[in-house]
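Okay, so here's the structure we're looking at.
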Amino acid sequence: MSLKKNYRLSVFLFFILPVLFAAQIAGQTNQTDPAPSEIERLNRRIEEQKAEITKLREELREESAQRKEQQKILNALAEKLDRLDSTVAEATKSTLDKKVEVVPAVLEKPAAQTETVAATANAEKSPAQSQDKTAAPAKQNDKTSNAVESGLGKVKFTGMIQSWYAGGNEGFNDTFRFRRVELRLTGDLLPKVRWSVMFDLAKTLALNTSSRSVGGNPLISDVSVNQSSRVLQEAYVTFSHFKRANLQVGQFKLPVGQEALQSSSALDTIERALFMTDRARGGALGDVRDFGVMMFGPLNKQVDYQIGVFNGSGETQNDVDRSDQKAIAGRMVYRPEFIKGLQVGGSGVWGNGNRLNNPRRDRLGAELVYDRQKYKFKTELMTGVDGDIHRRGYYAHFGYRFLPKLEGIFRFDMFDPDIRRETNPANVTERDYIAGVNYYFRENNLKLQFNYLRKTFRSSIQPSRNQFVVNLQTAW
């Protein structure tokens with residue numbers, strides 16, 4: 001009986017255990033796999049995100065298209081503005097041309113009639129019109145604000161004012177003065193033809209006198225105006241058709257010396273060297289003007305030249321030549337590539353005069369300049385022959401920029417008006433020792449200079465003296 005029971009238990013376990021095991025496995029499988037409803041929810045979420053991405057892409061395409069349309073509209077407006085500006089400029093030029101054409105007709109009328117027309121025109125103008133014309137230049141753009149429209153081409157107006165205060169001893173009277181009041185007009189006649197006119201309104205008219213002895217007493221025999229003292233300083237036309245052979249015709253500076261050709265607004269000291277400024281004792285070895293024709297330009301990257309033919313060596317400024325002989329002047333400058341900032345040059349004038357009414361006036365000089373970063377050194381030697389008198393001048397200059405706006409300078413300056421004689425104040429050698437500072441508010445456009453001068457004379461023919469000069473300069 002027990003065997004039979006065991007047999008039945010074994011059969012029961014054999015059939016029941018696999019079924020229970022399978023059910024357990026099925027239960028575990030159901031617990032691991034997600035339900036069909038969750039899978040569907042995830043699929044719907046993915047589809048929604050895809051739809052949002054597609055919508056964003058469409059919005060970006062629409063925004064890009066709108067921007068392109070807006071850019072097209074802006075470009076079209078810019079073209080219309082350019083055409084409008086051109087139309088306004090042409091209309092303004094036409095109006096100015098008509099006004100300029102009216103001027104000759106007015107000038108042809110008698111003086112009284114012209115004054116009546118001018119008075120009537122002024123009376124008809126209203127204050128508002130006057131203010132508009134005054135304010136008009138301020139409305140111009142930066143490209144045209146530096147030029148003035150004229151009858152032909154554009155005119156540029158520049159200038160300089162040097163206000164001095166000078167003091168000293170040994171009979172020197174402390175004084176204020178205008179050293180230079182230069183006004184310059186330049187303009188274009190053609191793309192390669194320019195003109196320039198310069199006036200110095202601070203010039204004081206001077207006279208040249210000559211005398212002869214009558215009964216042992218000197219008597220003035222002739223009086224004439226010193227033409228170099230007239231306000232008209234320069235007037236010339238420049239032709240620049242050839243880069244290496246520019247042509248200049250008119251009255252301008254002779255190409256002699258380095259500091260002589262340097263702009264007065266860019267001088268390192270308040271005044272130029274003695275051999276150019278001591279005019280009372282023959283110191284006119286540079287910084288002189290005359291009428292003539294000059295060719296100039298670069299021979300190459302290192303060498304520049306100037307050569308010209310003039311009425312004289314500076315004595316016939318604003319006047320006609322008194323003889324057929326003409327003066328020849330020239331200058332050449334070399335800037336080596338292996339020493340940056342170095343410049344070496346030479347210049348001279350051959351007066352070509354040998355008669356009593358046209359005495360010999362020759363010049364010969366050498367120059368050296370080294371200008372690098374904060375340092376500046378320059379020196380010049382100039383010799384001259386006026387008739388039978390031989391002259392010599394020399395200076396050595398050193399400058400150092402302590403600060404971007406502050407420069408200290410020292411100079412030794414010598415001039416011998418007659419190297420053969422040392423007998424009186426007219427021919428004694430002068431040696432000046434100059435120390436000073438330059439303060440550049442805005443480079444040479446606005447600067448303040450102070451120079452102290454110790455003037456000495458050979459053989460104590462004249463007593464030494466001290467001077468100081470202050471210069472306030474404005475240039476535009």
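Values in this document were obtained by computation on a predicted structure and should not be read as measured data.
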Item checked: Non-hydrogen atoms of Asp188 and Trp195 that approach each other most closely -> N-NE1, 4.1 Å
Check: How about Ser347 and Met382: do any of their side-chain heavy atoms sit closer than 4.5 Å?
Finding: yes
Margin query: Evaluate Leu368 against Phe377 for side chain to side chain contact (heavy atoms under 4.5 Å, CB included), listing each step before the verdict.
Written below: CA-CA 8 Å; Leu368 183 147; Phe377 173 78; 4.1 Å; yes
Checklist line | Ionic contact status for Glu259 with Lys378, cut-off 4.0 Å | finding: yes
Check: With no hydrogens and no angle check, is any side-chain donor or acceptor of Gln251 less than 3.5 Å from a backbone partner on Asn318?
Finding: yes
Next item on the list: Supply the atom-to-atom distance Leu183 CG to Met160 CE, rounded to the nearest 0.5 angstrom.
Entry: 10.0 Å
Notebook entry, point to check: In terms of side-chain geometry, is the basic nitrogen of Arg360 or Asp362 positioned less than 4.0 Å from the acidic oxygen of its partner?
Noted result: yes
Margin query: Using only atom types and a distance under 3.5 Å, with no angle test, would you say the side chain of Asn438 pairs donor to acceptor with the backbone of Asp268?
Written below: yes
Checklist line | Pair Gln162-Arg180, side-chain donor/acceptor within less than 3.5 Å | finding: yes
Margin query: Whether Lys326 and Asp290 form a salt bridge (side-chain N of Lys/Arg under 4.0 Å from carboxylate O of Asp/Glu) is what I want to check.
Written below: no
Checklist line | Atom pair CD/OG of Gln233 and Ser264 - distance to nearest 0.5 Å | finding: 9.5 Å
Next item on the list: Measure from the side-chain N and O atoms of Ser313 to the backbone N and O of Arg361, and report whether any donor-acceptor pair falls under 3.5 Å.
Entry: yes
Next item on the list: Taking all heavy atoms of Asp287 and all of Arg279, pick out the closest pair and write down the distance.
Entry: O-NH2, 2.9 Å
Next item on the list: Looking only at non-hydrogen atoms, find the nearest pair between Leu254 and Leu261 and report the distance.
Entry: O-CD2, 3.3 Å
Next item on the list: Start with the C-alpha gap between Phe468 and Phe172, add the side-chain angles, then the distance that decides, and say whether ring pair (Phe, Tyr, Trp, His ring centres under 6.0 Å) holds.
Entry: CA-CA 11 Å; Phe468 64 90; Phe172 186 91; 8.7 Å; no
Next item on the list: Answer yes or no on whether Arg454 is positioned over the face of Tyr433, meaning its NZ or CZ is under 6.0 Å from the six-membered ring centre and within 45° of the axis.
Entry: no
Next item on the list: Could you check Phe441 against Tyr439 for ring pair (Phe, Tyr, Trp, His ring centres under 6.0 Å), going step by step and ending with a plain yes or no?
Entry: CA-CA 6 Å; Phe441 294 94; Tyr439 188 81; 4.8 Å; yes
Item checked: Residues Tyr395 and Glu380: side-chain donor-acceptor under 3.5 angstrom -> yes
Check: So Tyr165 and Phe176, would you call those rings parallel, tilted or perpendicular, with 30° and 60° as cut-offs?
Finding: tilted
Check: So, are Lys301 and Glu337 salt-bridged, with charged N and O less than 4.0 Å apart?
Finding: no
Notebook entry, point to check: Shortest non-hydrogen contact from Gly387 to Val385?
Noted result: O-CG1, 3.5 Å
Note to self: So that I can tick it off, tell me whether Lys376 and Glu407 are bridged by a salt bridge, with the cut-off set at under 4.0 angstrom between side-chain N and carboxylate O.
What the structure shows: no
Margin query: For a side chain to side chain contact (heavy atoms under 4.5 Å, CB included) check, start with the C-alpha distance between Phe296 and Gln248, then their side-chain angles and the critical distance, and finish with the verdict.
Written below: CA-CA 8 Å; Phe296 66 96; Gln248 193 161 292; 3.8 Å; yes
Note to self: Return the OG1 to CD distance between Thr269 and Gln449, rounded to the nearest 0.5 Å.
What the structure shows: 7.5 Å
Notebook entry, point to check: Passes side chain to side chain contact (heavy atoms under 4.5 Å, CB included), Glu234 versus Lys253? Steps please.
Noted result: CA-CA 8 Å; Glu234 295 181 358; Lys253 283 187 178 182; 3.9 Å; yes
Next item on the list: Run the numbers on Glu367 and Arg331 for salt bridge (Lys or Arg N to Asp or Glu O under 4.0 Å), then give the verdict.
Entry: CA-CA 10 Å; Glu367 63 190 67; Arg331 178 173 179 254; 2.7 Å; yes
Next item on the list: Check whether more than 12 heavy atoms from other residues, nucleotides or ligands sit under 6.0 Å from atom CZ of Phe178, and answer yes or no.
Entry: no
Check: Between Arg401 and Tyr440, is NZ or CZ placed under 6.0 angstrom from the six-membered ring centre and within 45° of the ring axis?
Finding: yes
Item checked: Nearest heavy-atom neighbours spanning Pro417 and Ala426 -> CG-O, 3.5 Å
Next item on the list: Answer yes or no: is there an ion pair linking Arg363 with Asp386, defined by an N-O contact shorter than 4.0 Å?
Entry: yes
Check: What are the two closest non-hydrogen atoms of Asp413 and Leu274, and how far apart are they?
Finding: OD2-N, 2.9 Å
Notebook entry, point to check: Above 12 or not: heavy atoms from other molecules or residues under 6.0 Å from CZ of Arg420?
Noted result: yes
Next item on the list: Applying side chain to side chain contact (heavy atoms under 4.5 Å, CB included), run through Ile389 and Asn427 and close with a yes or a no.
Entry: CA-CA 10 Å; Ile389 301 177; Asn427 57 37; over 6 Å; no
Note to self: So, applying salt bridge (Lys or Arg N to Asp or Glu O under 4.0 Å) with Glu430, which one of Arg458, Lys455, Arg391, Arg392 is it?
What the structure shows: Lys455
Check: Does some side-chain heavy atom of Leu285 sit less than 4.5 Å from a side-chain heavy atom of Phe415?
Finding: yes
Note to self: Once ring-ring contact (aromatic ring centres under 6.0 Å, His included) is applied, do any residues pair with Tyr375, and if so which ones, sequence neighbours excluded?
What the structure shows: Tyr400
Notebook entry, point to check: Do side-chain atoms of Asn451 reach the backbone of Ile270 as a donor and acceptor pair under 3.5 angstrom?
Noted result: yes
